Number of protein chains: 2
Amino acid sequence: MEKEEKQIKPVPEPTLRRLPKYINILTKLKRESVQFVSSNTISEELGLDSIQVRKDLSLTGIAGKPKLGFNLDELLHSLYHTLNWDNINDAFLAGAGSLGSALLGYKTFKTYGLNIIAAFDNDPEKIGTTLNGIEILPVEKLTGMIQRMHVNIGVITLPADEAQTVTDMMIDGGIKAIWNFAPVHLKAPKDILIENAQLSQSLGVLTHKLAEKLKSNPL
Amino acid sequence: MEKEEKQIKPVPEPTLRRLPKYINILTKLKRESVQFVSSNTISEELGLDSIQVRKDLSLTGIAGKPKLGFNLDELLHSLYHTLNWDNINDAFLAGAGSLGSALLGYKTFKTYGLNIIAAFDNDPEKIGTTLNGIEILPVEKLTGMIQRMHVNIGVITLPADEAQTVTDMMIDGGIKAIWNFAPVHLKAPKDILIENAQLSQSLGVLTHKLAEKLKSNPL
DNA sequence: TAGATTGTTAATCGATTAACAATC
DNA sequence: TAGATTGTTAATCGATTAACAATC
């Protein structure tokens with residue numbers, strides 16, 4: 001076991017979900033021209049444990065300086081790199097409804113490594129129009145274009161009953177990863193990466209906890 | 001320790017996040033007039049472990065029948081009840097941008113126990129208009145209306161730099177829970193429930209895993 | 001040097017998974 | 001009855017937290 005070869009530990013998913021929070025707060029501190037930041041400062045801002053912050057940060061491969069903390073620029077770079085947000089991944093979006101359109105309007109996605117280069121829909125009214133400079137194309141072209149353009153990420157903002165069909169089309173085209181907003185479980189081969197972003201999951205946690213809270217403390 | 005008093009175990013958060021998935025698949029089965037369903041059927045449909053499904057379901061307080069499985073209607077009811085989706089919680093939304101507008105258009109939220117009854121914005125162009133029958137009011141009215149109408153849930157779909165101010169206004173009015181889509185950590189007293197629904201968290205998991213995947217298996 | 005902060009190793013906690021008894 | 005499925009108790013696994021040594 002040589003010291004030389006940097007031991008790469010997998011980054012646990014809970015940690016991955018916290019990294020964007022670190023980026024948020026560090027970006028704010030950067031605007032205030034802060035140069036070094038301690039795990040304690042971060043943990044206080046985010047209501048986390050400072051040990052956890054240190055553990056999370058160490059998983060991105062950065063080293064801090066005792067007594068000083070972490071160099072802000074280095075740290076941000078390390079976080080961006082771990083999330084692969086220092087690369088830009090091209091993506092296709094399927095379903096130009098209201099949520100889809102909202103996502104097409106998000107210019108900040110490029111900061112998050114995501115570049116939606118075209119959208120697909122089957123509504124003739126929408127096809128041919130553009131949103132935020134992104135053209136809306138007929139769904140029939142989806143498979144072929146993924147193939148030709150080697151697009152890796154598909155974003156699904158379709159109604160439940162259309163999501164699986166379009167998923168299959170994406171997979172046929174050779175998509176590698178799907179970001180799914182449709183309220184269904186998508187079936188796909190194991191080697192296709194599926195990340196669900198259903199609002200219902202988060203909402204369920206909220207409504208359940210609220211009910212518990214009101215039960216123990218009515219009014 | 002009497003057998004009588006139903007022992008109420010807290011429902012772990014990972015379980016809560018799976019419950020909506022069960023509802024999805026069970027609702028589909030109900031449309032197909034299925035009456036009983038086994039934990040195995042559910043686990044196969046969702047790519048989960050059947051033991052986990054049984055454990056999750058038992059936490060909602062339902063009992064299945066050996067050899068038969070779970071009564072579909074009872075099970076759905078039990079799931080809805082655990083999430084408190086058999087009640088309707090009134091909510092105010094702040095920030096009628098594209099994401100906010102998309103949420104205002106979601107009629108299905110009522111199935112998820114959420115009823116957005118008014119929206120707030122500070123854009124004079126938007127104030128006074130309605131979206132999906134929901135009126136957009138000036139932000140100044142937010143605190144007072146939460147107070148008067150005893151609204152428990154606030155939905156925040158504002159830009160990062162406005163989110164904390166409006167959060168404070170909601171808390172002043174007596175809000176109990178906040179569903180936060182803004183890419184910031186909201187500061188609030190411990191007794192205020194905050195559930196974050198930031199897209200960046202989910203996207204970060206996707207982009208990180210995709211990078212790992214491409215590293216080990218380029219093209 | 002003393003003190004603050006990092007970073008690692010160990011302990012704890014909680015969720016998942018396994019084993020198996022209970023029941024229709 | 002035999003077989004399938006539930007449901008509980010125990011084992012495992014992984015993430016969080018604690019303890020403490022290392023270092024500037």
Side-chain angles (χ1 to χ4, degrees), chain A residues 1 3 6-19 21-22 26 29 34-75 78-79 82 201 204-205 208-209, chain B residues 1 3 6-19 21-22 26 29 34-75 78-79 82 201 204-205 208-209:
Chain A
M1 200 67 76
K3 219 176 191 175
K6 200 172 276 174
Q7 191 185 348
I8 306 158
K9 285 185 199 157
V11 186
E13 226 177 280
T15 296
L16 286 176
R17 292 188 191 277
R18 281 188 295 269
L19 300 190
K21 301 189 192 204
Y22 299 146
L26 294 171
L29 291 172
V34 172
Q35 296 205 341
F36 279 84
V37 64
S38 74
S39 56
N40 229 294
T41 306
I42 299 175
S43 69
E44 273 165 26
E45 287 285 336
L46 297 176
L48 300 171
D49 191 303
S50 75
I51 301 168
Q52 185 172 59
V53 172
R54 271 205 308 285
K55 192 109 193 199
D56 283 346
L57 299 188
S58 78
L59 287 164
T60 73
I62 199 170
K65 291 189 180 58
K67 191 128 160 83
L68 266 179
F70 298 84
N71 177 290
L72 190 51
D73 287 325
E74 270 182 38
L75 182 47
S78 184
L79 290 165
T82 302
Q201 285 175 40
V205 176
H208 169 88
K209 287 188 182 171
Chain B
M1 201 66 78
K3 219 176 191 173
K6 200 174 272 172
Q7 194 186 344
I8 306 158
K9 286 186 198 155
V11 186
E13 227 177 279
T15 296
L16 286 177
R17 292 190 191 277
R18 282 188 294 269
L19 300 190
K21 302 190 190 204
Y22 300 145
L26 294 171
L29 291 172
V34 172
Q35 296 205 339
F36 279 85
V37 64
S38 74
S39 56
N40 230 292
T41 306
I42 299 175
S43 70
E44 274 166 24
E45 287 285 335
L46 296 177
L48 300 172
D49 190 303
S50 75
I51 300 169
Q52 184 172 59
V53 172
R54 272 204 306 286
K55 192 110 194 197
D56 283 346
L57 300 188
S58 78
L59 286 165
T60 72
I62 200 169
K65 291 190 181 55
K67 191 128 159 84
L68 266 177
F70 297 84
N71 176 289
L72 189 52
D73 287 325
E74 270 182 41
L75 182 48
S78 185
L79 291 165
T82 302
Q201 285 176 39
V205 176
H208 169 88
K209 287 187 182 171

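What you are looking at is a predicted structure, and each value in this text was computed from that prediction instead of being measured. Chain letters run A, B, ... following the sequence lines, proteins first and then strands; every chain starts at 1.
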So B:Ile42 and B:Ser39, side-chain contact (heavy atoms from CB on, under 4.5 Å) or not? Walk me through it.
CA-CA 5 Å; B:Ile42 299 175; B:Ser39 56; 5.7 Å; no
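- With a 4.5 Å cut-off on side-chain heavy atoms, B:Thr41 and B:Phe70 do not count as touching.
- Between the C1' atom of C:dG7 and the CG atom of A:Leu68 lies a distance of 15 Å, rounded to the nearest Å.
- Atom pair A:Asp56:CG and D:dT17:C1' shows a separation of 12 Å (rounding to whole Å applied).
- Residues from residues 43-54 of chain A placing a heavy atom under 4.0 Å of any atom in DNA chain C, listed by number, are A:Arg54.
- Looking at heavy atoms from C-beta onward, A:Leu57 lies out of side-chain contact with A:Ser78 at the 4.5 angstrom threshold.
- Taking atom CG on B:Leu75 and atom P on D:dG7, their separation rounds to 11 Å, with Å as the unit.
- In DNA chain C, consecutive stretches of 3 or more Watson-Crick or G-U wobble pairs with both distances under 3.5 Å are given as paired ranges: C:3-24 with D:3-24.
- Contact record, A:His208 with B:Thr82: ND1-O, 2.7 Å, taken as the closest heavy-atom pair.
- The structure places OG of B:Ser50 at 10.0 Å from CG of B:Leu48, a figure rounded to the nearest 0.5 Å.
- Separating the NZ atom of B:Lys55 from the P atom of C:dG14 is a distance of 14 Å, rounded to the nearest angstrom.
- As a whole-Å value, the separation of B:Glu13 CD from C:dA15 C1' is 13 Å.
- B:Ser38 comes within contact range of the sugar-phosphate backbone alone, with a heavy-atom separation under 4.0 Å but no base atom that close.
- Separating the NZ atom of A:Lys9 from the P atom of D:dA15 is a distance of 12 Å, rounded to the nearest angstrom.
- Using a 4.5 Å cut-off on side-chain heavy atoms (C-beta onward), A:Leu26 and A:Leu72 make contact.
- Among residue pairs with one or both ends in residues 61-71 of chain A, none qualify as side-chain hydrogen bond (donor to acceptor under 3.5 Å, both in side chains); sequence neighbours excluded.
- Proximity of B:Ser39 to the phosphate of D:dT6: a side-chain N or O atom is located under 4.0 Å from OP1 or OP2.
- For B:Leu59 and D:dG7, the CG to P distance is 12 Å, given to the nearest whole Å.
- Proximity of B:Leu29 to B:Leu75: side-chain heavy atoms (C-beta onward) are nowhere separated by under 4.5 Å.
- When rounded to the nearest whole Å, the span between CD1 of A:Ile62 and P of C:dT5 equals 17 Å.
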